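Only a predicted model underlies this, so the values are computations on that prediction, with no experimental measurement involved. Convention: sequence-line order gives letters A, B, ...; per-chain numbering from 1. The figures that follow rest on heavy atoms only: side chains count, while hydrogens, waters and symmetry mates do not.
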2 protein chains.
Amino acid sequence: MKVEVAMQKLKEKGYKYTQKREKILEIFTKVNGYLSVKDVYKKIKQDYPTISLNTVYLNLSFFEEAEILETTDLNGEKVYRFSCEDQHHHHIICTECGKVKAINICPMDAIYGNPPGFTITGHKFEIYGCCDECNK
Amino acid sequence: MKVEVAMQKLKEKGYKYTQKREKILEIFTKVNGYLSVKDVYKKIKQDYPTISLNTVYLNLSFFEEAEILETTDLNGEKVYRFSCEDQHHHHIICTECGKVKAINICPMDAIYGNPPGFTITGHKFEIYGCCDECNK
DNA sequence: TTTTAAATAATAATAAATACTATTTATTTC
DNA sequence: GAAATAAATAGTATTTATTATTATTTAAAA
C-alpha cells in the first residue's frame, strides 16, 4: 500500500492529515517487517525530535483501527507492519529483527465450518525463524 | 499429562518438590484451557493464602522451561496450559475464557524445507473463536 | 479570519513482568 | 535423625509496555 492511499483511507475514516502521520507510514514503507512502537519512535525522532511517545502509540492504534497497519506479538511485545489486504496470506517472521516474508498457504482452507462448541472469529498462522542477516 | 509425571519431569531437571508446585499443576489438570498468571494466583490462594505472586510467576516459568506447560499470548497477556507432547497439534481457543479444543491439522506439513533467506525455528497456528458458553 | 474539533506533548497512572534480598524449606550428607 | 547447603519463597522494589489525563497546538471547516 502506498502512503498516499493509506492517508486517503485514514481521511475517509475521519482522521486528519498530519505530517507526522505521513512520516510514520513512510517509515513502514521502507521496512519489510514488523516494528515495535519504540522502533517507530526512534526512527521518527530523527525528523521530529520533540515527538511524544504517546503520539506514536495513538497513531499506530489509529492505523490499526483503519486497517492500514496489522499487528502481531513478538516476544510479548506488540509490533506493527503495513497491512496487505490485496490477498490473504501469512508470514515467516525473523524473531530477531522482525523481518517478514509472505507464505501463500492458509491452513484455514482445510477447515470447514465451525468446530462443535465454537464459533470461529479469526486465526493466526506464523512461522518463526532467523533470517540470514541475523544468523551471522 | 498426570501431575505425578510432571513432577517427576521437574525433578529430573533438577527442581525440588514442593506442595505449591504440585498444587499449581493440579489446577491446570482441572482446566481445559489457558490460564493467566493472575488466574493461577487467585486459584492457589484458596489453598495457600500467603503465596506470593512472584512465586507463581517463577514456577510457571520453570514449568515452561521443563516443557510441562506451554504458553501463548491472549489479548497481550501470557497464558499457560498443560503441554500435550504426545502428539503435535494445534488449538482453537476461546478468546473470552481461554478454553481450548485440539485441531489435528498442522499447516507445516505443507511446508518443505526452509524458505530462502530463513531458517525455521518454530511456528504457531491458532484458531480463535467464542465458545458456546461465552456466547450466551 | 474565526471557530472547533482533533492532534499533540507532557505527564501521570496501570499493569505485566522481572529483579533483589532475607528468610524458609527440601534435600543431601554425615 | 541432625547439620549443612542449595533452592524455594515472601515481600518488596524495579522495569517496561501501555493507557489515561489534561493543557496546548494545529488542521480543517465555516
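Among the protein residues, B:Tyr57 comes within range of the nucleic acid bases, having at least one heavy atom under 4.0 Å from a base atom. Among the atoms of the strands shown, none is found under 4.0 Å from any heavy atom of A:Ser36. The residue B:Ile51 sits close only to the backbone: its heavy atoms come under 4.0 Å of sugar-phosphate atoms, none of a base.
Nearer to the 5' terminus of DNA chain D, by closest-nucleotide assignment, is the contact made by B:Gly14 (compared with the other of B:Gly14 and B:Ser52). Annotation: of the two residues near DNA chain C, B:Glu77 and A:Val56, the 5′-most nearest-nucleotide partner is A:Val56. Between B:Lys16 and B:Lys78, the residue anchored nearer the 5' end of DNA chain C, judged by the nucleotide with its closest heavy atom, is B:Lys78.
On the nucleic acid side, DNA chain D contacts chain B at distances under 4.0 Å to non-hydrogen atoms, with the end points of that region at D:dA6 to D:dT12.
Residues B:Val40 and B:Lys43 are not in side-chain contact: their nearest non-hydrogen atoms beyond the backbone lie 4.5 Å or more apart. A:Ile120 is listed as a side-chain neighbour of A:Pro115, based on a closest heavy-atom distance under 4.5 Å. Between A:Ile92 and B:Phe118, some side-chain heavy-atom pair lies under the 4.5 Å cut-off. With a 4.5 Å cut-off on side-chain heavy atoms, A:Phe125 and B:Lys124 do not count as touching.
Note: OH (A:Tyr48) to P (C:dT8) measures 10 Å, nearest angstrom. Protein atom CG of A:Leu53 is 19 Å distant from nucleotide atom P of C:dT14, rounded to whole Å. Between A:Lys13 atom NZ and C:dA7 atom P the separation is 14 Å, expressed in whole Å. Across the protein-nucleic acid pair, A:Glu22 atom CD and C:dT8 atom C1' stand 17 Å apart, rounded to whole Å. Summarising the geometry, the separation between NZ on A:Lys11 and C1' on C:dA5 is reported as 16 Å, rounded to the nearest angstrom. C:dA6 atom C1' lies 14 Å from atom CD of A:Glu65, rounded to whole Å.
Listed pair B:Arg21 / C:dA26 fails the phosphate criterion, with no side-chain N or O lying under 4.0 Å from OP1 or OP2. Regarding contacts with the backbone of C:dC20, every side-chain N or O of B:Asn54 stays at 4.0 angstrom or more from both OP1 and OP2.
If you chain together ILVMFWY residues whose side-chain heavy atoms come under 4.5 Å of each other, A:Tyr112 ends up in a group of its own.
Nearest nucleotide to the B:Thr18 side chain, out of C:dT8, C:dA26, C:dA17: C:dA26.
In summary, the aromatic rings of A:His90 and B:His123 are positioned with their centroids too far apart to meet the 6.0 Å limit.
Between B:Phe28 and B:Phe82, the ring-plane angle classifies as perpendicular under the 30° and 60° cut-offs.
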